[in-house]
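The structure displayed is predicted, hence computed values, not measured ones.
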Amino acid sequence: SAQFHPGNGMREITFDQPAEGRYFCLESLSTLDGKPFTAVAELDLLGPDGQPLSHENWTIAYVDSEESVQEDGAAENAIDGQTANCWHTEWSGAKPPQPHQLVIDLGKVQSLHGFRYVPRQGPASADGRIKDYRIYVGNNLVLASPDDADAGTPADPMSASASAAPVAGSFRPGTPWLDTDGHPINCHGGGILRESDTFYWFGELRGRRRFLPAVGLYSSKDLYHWKN
């Protein structure tokens, strides 16, 4: 693990050795104000030339908590190229404790030489600024089966002995239910219909386009493994 110093300026962290993987996980272990919330204004990942990689094909593979009632604290805000907003863990209802994890799917395997972190902007009293953290890089940080979990490629600052980003392989309260592509099922307030031997699960689609009318649709043969 490692630490960020106080302040709201951009931090650039360089790994001692490059790390390769499709997924990048930032795990917040504690914040500077000691509160349970985590907030991130922006994340950039550095390629072999030390310059930020394009965000074009990035998506959020997993986030353990985000505020969606009293503010737009969506995880996507951490990779949208601006610092005026932020990813903020839930605070209006439940206040889940540390640690918090944000996993980015880069769309393909990339060679990472470091990253840039911009804390939540605002006054010194703004909450959620990370103090202690861990980083993971790997190809299997979010999977449907915990037996396939990958702790990631060691890349300082990291703890190679620490567990990887959360995975789900059974029905467990508080953990995401993943589809057959390894992504959290996005089908809020849904209903299920059956046609012959296939079940169809439909519901509200939320996330990057949370303010647009959209419907998520999944199919399954056994009511557990769902295909988007």
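Side chain of Ser220 to backbone of His225: a donor-acceptor contact under 3.5 angstrom is found. Checked by atom type and distance alone, the side chain of Gln70 never pairs as donor or acceptor with a backbone atom of Ser68 at under 3.5 Å. Distance alone, capped at 3.5 Å, is enough to place a donor-acceptor pair between the Asn139 side chain and the Arg22 backbone. Checked by atom type and distance alone, the side chain of Glu12 never pairs as donor or acceptor with a backbone atom of Arg116 at under 3.5 Å. Ser65 contributes a side-chain N or O that, together with a main-chain N or O of Glu90, makes up a donor-acceptor pair within less than 3.5 Å. Within the 3.5 Å criterion, the main-chain N or O of Asn186 finds a donor-acceptor partner in the side chain of Tyr218. The backbone N or O of Gln101 lies less than 3.5 Å from a partner atom in the side chain of Asp64, making a donor-acceptor pair.
Residues Asp127 and Arg120 form a side-chain contact, since some pair of their non-hydrogen atoms from C-beta on lies under 4.5 Å apart. Put simply, the side chain of Leu112 does not reach to within 4.5 Å of the side chain of Glu20, judged on heavy atoms. Side-chain contact between Ile60 and Trp87 is absent, with no heavy-atom pair separated by less than 4.5 Å. Counting heavy atoms from C-beta on, the side chains of Thr38 and Leu102 never come closer than 4.5 Å.
Within the model, atoms SG of Cys86 and CD of Glu66 stand 11.5 Å from one another, a figure rounded to the nearest 0.5 Å. Distance CD1/Ile192 to CZ/Phe202: 9.0 Å, rounded to 0.5 Å.
Listed here is the closest heavy atom pair of Tyr200 and Leu217: CB-CD1, 4.3 Å.
Classified by interplanar angle (parallel below 30°, tilted 30° to 60°, perpendicular above 60°), the ring pair Phe4/Tyr117 is parallel. Ring geometry, Trp91 versus His88: the interplanar angle exceeds 60°, so the pair is classed perpendicular (tilted spans 30 to 60°).
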(request) Assess whether side-chain contact (heavy atoms from CB on, under 4.5 Å) is satisfied between Gln110 and Leu53, documenting all intermediate values. (result) CA-CA 9 Å; Gln110 298 266 28; Leu53 298 173; 4.1 Å; yes
(message) For a side-chain contact (heavy atoms from CB on, under 4.5 Å) check, start with the C-alpha distance between Leu43 and Trp58, then their side-chain angles and the critical distance, and finish with the verdict.
(response) CA-CA 11 Å; Leu43 287 172; Trp58 292 9; 5.6 Å; no
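Enclosure of atom CD in Glu195 is not indicated, since only 12 or fewer non-hydrogen atoms of other residues, nucleotides or ligands lie within 6.0 angstrom. Residue Lys227 qualifies as open at atom NZ: its count of foreign heavy atoms under 6.0 Å is 12 or below.
With respect to Asp33 and Arg129, no salt bridge is recorded, no charged nitrogen being found less than 4.0 Å from a carboxylate O.
Among His100, Arg134, Gln98, Lys131, the single residue meeting the side chain to side chain donor-acceptor pair (under 3.5 Å) criterion with Ser28 is Gln98.
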